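Beneath this line is the structure, given in structure tokens, with notes to follow.
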Amino acid sequence: MTTRPDSAALLAWYDRHHRRLPWRIGPADRAAGAKPDPYRIWLSEVMLQQTTVTAVKPYFEAFLARWPRVCDLAAADEAEVMKAWAGLGYYSRARNLKACADAVAERHGGRFPDTEAALLALPGIGAYTAAAIAAIAFDRPATVVDGNVERVVSRLFTVEEPLPDAKPALKRLAATLTPQRRAGDFAQAMMDLGATLCTPRKPACPLCPWSEACRGRAAGAPETYPRRRAKAERPTRRGIAYVAMRSDGAVLLRRRPPKGLLGGMSEVPSTDWTPAAPAESPPLPGPWAAAGRIEHTFTHFHLILEVRLARRPAGDPAPDGFWWSTAADLAGEALPSVMRKVVGAAQKAFGS
DNA sequence: GACCCGTGGGA
DNA sequence: TTCCCAAGGGT
């Protein structure tokens with residue numbers, strides 16, 4: 001026998017146990033009249049897409065310090081935004097972030113729209129983010145559904161249909177819980193609940209404000225929800241990366257194509273990444289020496305790169321489409337993590 | 001709907 | 001080590 005989950009009970013829990021986050025206006029501050037800044041809510045929500053709070057915090061602080069308002073971001077160079085995003089992953093988010101800032105500045109007079117439909121029309125804002133901004137920044141009664149909410153709701157109601165097929169049903173169930181007032185706090189409460197108590201493994205049910213209402217707990221196996229379809233295995237691809245390094249430590253870089261994998265980011269030249277081991281095909285004159293190998297796992301494949309090193313004299317000119325990045329500049333380049341591993345392996349071989 | 005798109009931490 | 005997966009969006 002279970003009772004129905006009560007939004008008031010969750011809000012009361014949130015008032016006592018909510019996390020303090022740099023982009024969040026706490027319930028006490030809000031009650032005292034503090035208003036959330038839509039720019040900060042938007043920036044944090046985009047950064048938090050498929051990304052942990054721990055990873056986001058330093059990037060959020062850096063972006064806010066450098067571009068305090070949406071108009072500052074609209075005035076920035078896209079290349080600078082890409083550099084500042086390097087390491088956070090899913091780089092189309094950075095391109096869309098810039099495009100969204102441009103659209104808000106040009107089409108909306110520098111103010112974010114306050115409805116789900118208008119937000120949804122902006123680049124990089126999908127169903128989740130539109131609802132989150134509408135609820136958190138503008139206190140609209142939008143139903144916010146992310147991975148946490150899907151987990152909480154699937155456990156509350158023992159939803160047997162597997163993800164992703166269950167998404168519409170989970171959203172309908174979540175909508176039945178969303179209150180007309182304090183919808184923003186309610187959304188954040190659901191996410192805090194999922195992040196701190198209703199966790200993927202070993203949920204802390206005795207501490208949960210909804211433990212009496214939870215069918216998953218009553219059934220004895222809440223951690224088995226949500227159900228998921230079996231996922232395909234991750235294939236391995238192989239390639240060879242060529243690092244030209246000058247005697248002063250500068251490295252030859254180029255820009256990747258604007259879209260697709262690591263779109264718009266910088267890279268060391270390499271062969272194609274293919275299932276079979278590729279043949280040597282240096283894009284530049286050698287001689288090339290072995291400099292170890294690195295491995296990196298992307299969302300949908302695992303990559304093994306053999307690293308080659310060529311030593312170049314100081315003053316060596318950069319070929320068309322390339323530039324020399326000095327040892328001092330490397331840290332600030334728009335290099336994705338996999339390329340930082342490649343450069344690191346070359347630097348190790350260079351010193352030995 | 002299926003597929004593509006990063007990264008790092010925890011178990 | 002290996003696997004999971006975190007405040008998803010675009011095409």
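Residue numbers start from 1 in every chain, and the chains themselves are labelled A, B, ... in the order their sequence lines are given, proteins ahead of strands. What you see is a predicted model; the values in this text were computed from it and never measured.
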Open item on the list: Can you list everything that forms a ring-ring contact (aromatic ring centres under 6.0 Å, His included) with A:His17? Sequence neighbours excluded, please.
Closed with: A:Trp13
- [ ] Tell me whether the guanidinium CZ or amine NZ of A:Arg66 lies under 6.0 angstrom from the six-membered ring centre of A:Phe63 and within 45° of its axis.
- [x] no
Task: Pi-cation contact, A:Phe350 with A:Arg311 (under 6.0 Å, within 45°) - done: yes
Open item on the list: Quick check on DNA chain C: between A:Ala127 and A:Arg151, whose nearest nucleotide comes earlier from the 5' end?
Closed with: A:Arg151
Open item on the list: Quick check on DNA chain C: between A:Lys259 and A:Asn148, whose nearest nucleotide comes earlier from the 5' end?
Closed with: A:Asn148
Under 4.0 Å, heavy atoms only, any strand: does [X] hit a base, just the sugar-phosphate, or nothing?
X	value
A:Leu21	base
A:Gly87	sugar-phosphate
A:Trp23	base
A:Arg95	nothing
A:Pro123	sugar-phosphate

Take atom [atom1] in [N] and the same atom in [M], then report the distance between them in whole Å.
N	M	atom1	answer
C:dA6	B:dC5	C1'	15 Å
C:dG9	B:dG8	P	22 Å
C:dA7	B:dA11	P	15 Å

In whole angstrom, what separates [X]'s [atom1] from [N]'s [atom2]?
X	N	atom1	atom2	value
A:Leu119	C:dG8	CG	C1'	16 Å
A:Arg229	B:dC3	CZ	C1'	12 Å
A:Met191	C:dA6	CE	C1'	12 Å
A:Arg227	C:dC5	CZ	P	14 Å
A:His302	C:dC4	NE2	P	15 Å
A:Glu295	C:dT2	CD	C1'	12 Å
A:Leu163	C:dG8	CG	P	12 Å
A:Tyr14	C:dA7	OH	C1'	12 Å

Open item on the list: Is it the case that the side chain of A:Asp77 and the backbone of A:Ala79 share a donor-acceptor pair, with hydrogens and angles ignored and the cut-off at 3.5 Å?
Closed with: no
Task: Residues A:Tyr39, A:Asp72; criterion side-chain contact (heavy atoms from CB on, under 4.5 Å); working and verdict - done: CA-CA 11 Å; A:Tyr39 172 64; A:Asp72 300 318; 5.9 Å; no
TODO: Check whether the side chain of A:Arg19 and the base of C:dA7 form a donor-acceptor pair under 3.5 Å.
DONE: yes
Task: Under-4.0 Å side-chain N/O to phosphate OP1/OP2 contact, A:Arg340 with B:dG8 - done: no
- [ ] Please determine if A:Glu78 and A:Arg95 form a salt bridge, counting it only when a charged side-chain N lies under 4.0 Å from a carboxylate O.
- [x] no
- [ ] Answer yes or no: is there an ion pair linking A:Asp316 with A:Arg246, defined by an N-O contact shorter than 4.0 Å?
- [x] no
- [ ] Check each residue of residues 175-188 of chain A for a non-hydrogen atom within less than 4.0 Å of any atom in DNA chain B, then write out the ones that pass by number, or none.
- [x] none
What pairs of nitrogen or oxygen atoms, one from the protein and one from nucleotides 4-6 of chain B, lie under 3.5 Å apart?
residue, atom, partner, partner atom, Å
B:dC5, OP1, A:Leu261, N, 3.3
B:dC5, OP2, A:His300, NE2, 2.3
B:dG6, OP1, A:Tyr91, N, 2.9
B:dG6, OP2, A:Leu262, N, 2.3
B:dG6, O4', A:Tyr90, N, 3.1
B:dG6, N7, A:Tyr90, OH, 3.3
B:dG6, N7, A:Thr299, OG1, 2.3
B:dG6, O6, A:Tyr90, OH, 3.1
B:dG6, N1, A:Gln50, O, 3.0
B:dG6, N2, A:Gln50, O, 3.2
B:dG6, N2, A:Thr51, OG1, 3.0

Task: Sole candidate of A:Leu207, A:Leu10, A:Val149 that passes side chain to side chain contact (heavy atoms under 4.5 Å, CB included) when paired with A:Leu193 - done: A:Leu10
TODO: Let me know, please, whether A:Lys341 or A:Asp165 comes out on the 5' side of the other along DNA chain B by nearest nucleotide.
DONE: A:Asp165
Task: Side-chain H-bond candidate by donor/acceptor type, A:Glu80 with A:Trp67, under 3.5 Å - done: no
Open item on the list: Side chains of A:Thr274 and A:Arg237 only: does a donor on one sit below 3.5 Å from an acceptor on the other?
Closed with: no
Task: A:Phe322/A:Leu253 under side-chain contact (heavy atoms from CB on, under 4.5 Å): CA gap, chis, key distance, verdict - done: CA-CA 5 Å; A:Phe322 289 84; A:Leu253 300 181; over 6 Å; no
